[in-house]
Amino acid sequence: MPTVNHVGVSRKIESAEERMRLKRIVVSERENGVGGFIVRTAAGGAAEDELRADIRFLKSLWHEIKAAPRAPRRQP
């Protein structure tokens, strides 16, 4: 969610410590504190380097989407 400044972590991850770990990782990867992420349940227990790689991939993908030329919208 590149246009939102919120980081959410799944409530299904019951460990408060794990939820804080995941949030800390995501927040540290945001560019200038901008960009929103939702950390889903499957991320629980994932290695930090895996999470950081996923975040970087998503940011790169977003930059590519923004840089791509847009086709004009057709009127219905």
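This structure is a prediction, so every number in the text was calculated from the model and none was measured.
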### Query
For Arg52, what residues pass the salt bridge (charged side-chain N to carboxylate O under 4.0 Å, His left out) criterion, not counting sequence neighbours?
Glu29, Glu48
### Query
Ala47: what forms a side chain to side chain contact (heavy atoms under 4.5 Å, CB included) with it, not counting sequence neighbours?
Asp49, Glu50
### Task
Indicate if Leu61 and Phe37 have the same hydrophobic cluster label, given that clusters are the connected sets of ILVMFWY residues with side-chain heavy-atom separations under 4.5 angstrom.
yes
### Query
Got a second to check how far Leu22's CG is from Ser15's OG, nearest 0.5 Å?
9.0 Å
### Task
Keeping to residues at least two apart or across chains, list the salt bridge (Lys or Arg N to Asp or Glu O under 4.0 Å) pairs with something in residues 6-21.
Glu18-Arg21
### Spacing of CD1 belonging to Ile13 relative to CZ belonging to Arg40, to within rounding of 0.5 Å
10.5 Å
### Task
Please list, chain by chain and in numerical order, all residues satisfying side chain to side chain contact (heavy atoms under 4.5 Å, CB included) with Ala53, sequence neighbours excluded.
none
### Task
Please list, chain by chain and in numerical order, all residues satisfying side-chain hydrogen bond (donor to acceptor under 3.5 Å, both in side chains) with Ser10, sequence neighbours excluded.
Thr41
### Single-linkage hydrophobic cluster Met20~Ile38, side-chain heavy atoms < 4.5 angstrom
no
### Query
Taking atom NE2 of His63 and atom CG of Leu58, what is their separation to the nearest 0.5 Å?
11.0 Å
